[in-house]
Chemist: 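So that we are looking at the same thing, I have put the structure below in structure tokens.
Just so we're clear, the structure is a prediction, and the values are computed from it rather than from any experiment. Both backbone and side-chain heavy atoms feed into the values below; hydrogens, waters and symmetry mates do not.
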Amino acid sequence: MEDRVAGGGFIPLGTRVHLGHAVVQSIAHEAGVELLHLKGPALLPGLRDADRISSDVDVLVKPGQLPSLLAGLTSHGWEQRSDFDSGSAFHHAANWFHDNWGYVDVHAHWPGPRADREQVYAEFAAGGLTQEIAHVPCPVPNRTAQILILVLHAGRSPGGAADLPLAWHAISDDEQAEVRAMATRLHAETGLAAGLGVLDTIVGDPTADLWRVHARGGTRLEEWRARVRAAPNRREAARVLASAVLVNRDHLRMELGHPPTRREIVVRQAQRVRMLGKDIFRAVRSRATRSEPR
Amino acid sequence: MSGESFAVADDVAWLPGMAWDSDTIYATRLPDGPPVVLPATAGLIFVAAARGGTLEDIIDRVSEGSSVEREVVQDDVASFVAELVSLGLLARR
């Protein structure tokens, strides 16, 4: 629960996340960047289980302002640990780290809405709400958007479902209707369905399998198939296929705790090819078994 | 310092610890830190100062909060308030 900070001493993780939000807000303000603080201490009262401790800071940056924030983080001693391509299948966030403040996930967009990013940000930011975090006013999404964000998160993260008893099941029918209406306006029906565990009601959306793999789990092969299917064009599909085989250096660095050496990359590359081969073998064998006449 | 007022500096973030260390205050200057840990009496003095007011006000609050005679705590409080000012966590108004 505690983490050593630069200069010695310990600071509890949950406390560090609060201070991290305040620090990132200060950097954003200095850089003239608009952003929204998401989840954890940024949640409005009633949407957050007080005993639940966040492990990192999440922020959503206003479209077009990402380079200024990243420059600000760099100039204040933050290090990039993963980029938007390597961070996740949804290519939505880059992960940054600071010795004192821990991790921040910088979101260029929030997975789920397929409406244009400016429209999504404007809907989330409507109302101009702020939440004091460590006595610093931090802009946060409006309540309807906060609920939608939590449900969408639950749709792609098994641990995210822990937010739903408060964020979905405890809210009124009217409020649920407002969230559904926002999801419809932002074309986020598939993500909403994934979060609510009713993904089978979605028909004809090529991204549905990707949500299914994240919501229910699946083999690496199933995930990569889903990622290819969800790719918006052939070029992106080809890029996804290439990254299925290549080692993700950012993830390897986080796993090892240091920048990987050439040898470590080669070893991991061989493991990755072997594992992918096994997945393919299993899939072929399973298909062959299913098609054998009884 | 007598007669001057004190308040948390504008560029400071701070909060008390969680349930198991709620008598500790964690504070930092923004955006570069470093984080400062203020346990027990140090935290009590910071919180007393965070409400704003003169050194006399702060001494009164610490005396009340710690149930220790005013005369006993006043020098230590004055000295620690000066240290918080030098760290940039408190500002004179």
Chemist: Counting only heavy atoms not in E71(B), do more than 12 sit closer than 6.0 Å to its CD atom?
Modeler: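 Yes - once you tally the heavy atoms of other residues, nucleotides and ligands closer than 6.0 Å, there are more than 12.
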
Chemist: Taking CD in Q119(A) as the centre, count heavy atoms belonging to other residues, nucleotides or ligands within less than 6.0 Å. Is the count above 12?
Modeler: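 Enclosed.
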
Chemist: Between V23(A) and P31(B), which heavy-atom pair has the shortest distance, and what is it?
Modeler: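 For V23(A) versus P31(B), the nearest heavy atoms are CG1-O, 3.4 Å.
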
Chemist: Using a cut-off of under 4.5 Å for heavy-atom pairs, which of T28(B), L30(B), V8(B), D11(B) has the most such pairs with chain A?
Modeler: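 Among the listed options, the one with the most contacts to chain A is L30(B).
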
Chemist: Looking at every heavy atom in both N100(A) and P34(B), which two are closest together, and how far apart are they?
Modeler: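 Here N100(A) and P34(B) meet closest at ND2-CA, 4.2 Å.
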
Chemist: Please report the shortest heavy-atom distance between G14(A) and M18(B), naming the atom on each side.
Modeler: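 Answer, listing the atom of G14(A) first, then M18(B): C-CE, 3.5 Å.
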
Chemist: Please round to the nearest 0.5 Å and tell me the distance separating atom CG of L19(A) and atom OH of Y26(B).
Modeler: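 Spacing of CG (L19(A)) from OH (Y26(B)) equals 9.5 Å.
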
Chemist: Can you name the closest pair of heavy atoms from W101(A) and P35(B) and give their distance?
Modeler: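 Minimum heavy-atom separation between W101(A) and P35(B): CH2-CD, 3.8 Å.
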
Chemist: Working to the nearest 0.5 Å, report the span between CG of D32(B) and OG of S26(A).
Modeler: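 Between D32(B) CG and S26(A) OG, I get 8.0 Å after rounding to 0.5 Å.
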
Chemist: Counting only heavy atoms not in R70(B) (residues, nucleotides, ligands), do more than 12 fall under 6.0 Å from its CZ?
Modeler: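 Yes.
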
